[in-house]
Chemist: 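Mind having a look at this structure? Questions to follow.
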2 protein chains.
Amino acid sequence: MDKKELTKYSNAEQCPVRNVVDRIGDKWSLLVLLLLEEGEVMRFMEIQKAIETISQKMLTVTLKALEADGLVERTVYPQIPPKVEYKLTERGKSLLPHLHGLVTWAVENMNNIRESRKQFAS
Amino acid sequence: MDKKELTKYSNAEQCPVRNVVDRIGDKWSLLVLLLLEEGEVMRFMEIQKAIETISQKMLTVTLKALEADGLVERTVYPQIPPKVEYKLTERGKSLLPHLHGLVTWAVENMNNIRESRKQFAS
DNA sequence: TCTTTGAGTCACCAAAAGTAACTAAAGAAC
DNA sequence: GTTCTTTAGTTACTTTTGGTGACTCAAAGA
């Protein structure tokens, strides 16, 4: 993408960058995707217990969005109490290597970034 | 990062994933970083004109955050009207390849994702 | 009959993002 | 010598997003 293309995209819903970042960049999606990669198939409650600080509502919203984008597949077993399983789709799996790149960078640079923030605050 | 580590990080400000995603995942940071990579050195107004839909306030906030994290360097020329230049630091540059991975995936998958969303809505 | 269970939804409150109008001070235009 | 323009912001206000706790449904177990 050159500069013109970037500019062209910057204001539109057409922008691929914005489309992905809006989805990945929310508070929970990335964490859920990384978790599903480990867990392969997980139930709603399993995911919630793993993430701990996520509320039921936000997990519902997050999973629905990931499903809508075809990154996660939802399987309902018609039982009571309900049983719903989630797993990555092929598309979801294809995204993960790129996320790992970010995560690796994050882990490597986190301490320096924290230092910078401290200095900047003073 | 294995599952336990992920879980451990999930609730804390210590979480490197969250730390990076919180910064990169906001509405504008990624776009500004990609733009600065192209432009090398840019003034405040140049960036705003390039992104078009960003407000002055949000650009100020975004640049300040990127500066605080040591991803972008700010140079003020004591003139009136003011002149302030922004450019990537080495740390900022080191992040960009990982962002390109994401952007490439986004461009490749955008159409399919849009299709999925349409189907899901119905 | 009463409680527990899993996967949600609903009404409400807090935080973040967005908007429009404002500021400062110099130089140019009239 | 008053007015206009320019740049990089800030401020007050509104809207959108995120988060919380209580609630639901229907079956199984005590």
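So you know, we letter chains A, B, ... as the sequences are listed, proteins then strands, and number each from 1.
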Chemist: Walk me through whether Lys93(B) and Glu90(B) qualify under salt bridge (charged side-chain N to carboxylate O under 4.0 Å, His left out).
Modeler: CA-CA 5 Å; Lys93(B) 283 179 194 165; Glu90(B) 284 311 308; 3.5 Å; yes
Chemist: Counting distance only, does the side-chain N/O of Ser29(A) pair as donor-acceptor with the main-chain N or O of Asp26(A) below 3.5 Å?
Modeler: no
Chemist: Does some side-chain heavy atom of Val84(B) sit less than 4.5 Å from a side-chain heavy atom of Thr75(B)?
Modeler: no
Chemist: Would you kindly compare Thr60(B) and Arg43(B) by the position of their nearest DNA chain D nucleotide and give the one closer to the 5′ end?
Modeler: Arg43(B)
Chemist: Linking I/L/V/M/F/W/Y whenever any side-chain heavy atoms sit under 4.5 Å apart, do Val61(A) and Leu35(A) land together?
Modeler: no
Chemist: With clusters defined by side-chain heavy atoms of hydrophobic residues (ILVMFWY) lying less than 4.5 Å apart, directly or transitively, does Val76(A) cluster with Val32(A)?
Modeler: yes
Chemist: Under 4.0 Å from OP1 or OP2 of dG6(C): is there any side-chain N or O of Tyr86(A) that close?
Modeler: no
Chemist: Taking only residues two or more places apart in sequence, or in another chain, which ones meet Arg91(A) in a side chain to side chain donor-acceptor pair (under 3.5 Å)?
Modeler: Ser116(B)
Chemist: Going 5' to 3' along DNA chain D, between which two nucleotides do contacts with chain B fall, using a heavy-atom cut-off of 4.0 Å?
Modeler: dT6(D) to dT10(D)
Chemist: Scan nucleotides 25-30 of chain C against the protein and return all N/O pairs shorter than 3.5 Å with their distances rounded to 0.1 Å.
Modeler:
none

Chemist: For the pair Glu115(A) (side chain) and Asn112(A) (backbone), establish whether a donor and an acceptor sit closer than 3.5 Å, ignoring hydrogens and angles.
Modeler: no
Chemist: Under the 3.5 angstrom rule, does the side chain of Glu85(A) hit a backbone N or O of Arg74(A) as a donor-acceptor pair?
Modeler: no
Chemist: In whole angstroms, how far is the C1' atom of dA7(C) from the CE atom of Met45(A)?
Modeler: 6 Å
Chemist: As a test of understanding, state which of Leu71(B), Leu66(B), Leu33(B) forms a side chain to side chain contact (heavy atoms under 4.5 Å, CB included) with Leu88(B).
Modeler: Leu33(B)
Chemist: Does some side-chain heavy atom of Lys64(B) sit less than 4.5 Å from a side-chain heavy atom of Phe120(A)?
Modeler: yes
Chemist: Does the Thr89(B) side chain pair with the main chain of Gly70(B), one donor and one acceptor, at a distance under 3.5 Å?
Modeler: yes
Chemist: Are any protein N/O atoms closer than 3.5 Å to N/O atoms in nucleotides 18-22 of chain C? If there are, list each pair with its distance.
Modeler:
from: dG18(C); atom 1: OP1; to: Lys27(B); atom 2: NZ; distance (Å): 3.1
from: dG18(C); atom 1: OP2; to: Trp28(B); atom 2: NE1; distance (Å): 2.8
from: dG18(C); atom 1: N7; to: Lys57(B); atom 2: NZ; distance (Å): 2.8
from: dG18(C); atom 1: O6; to: Lys57(B); atom 2: NZ; distance (Å): 2.7

Chemist: With heavy atoms under 4.0 Å as the rule, sort Tyr77(A) into base, sugar-phosphate or nothing.
Modeler: nothing
Chemist: Could you list by number each residue of residues 63-74 of chain A showing a heavy-atom separation from DNA chain D of less than 4.0 Å, or answer none if no residue does?
Modeler: none
Chemist: Do Val41(A) and Tyr86(A) have side chains that approach each other closer than 4.5 Å (heavy atoms only, starting at C-beta)?
Modeler: no
Chemist: Run the salt bridge (Lys or Arg N to Asp or Glu O under 4.0 Å) test against Lys87(A) and tell me which residues pass, sequence neighbours left out.
Modeler: none
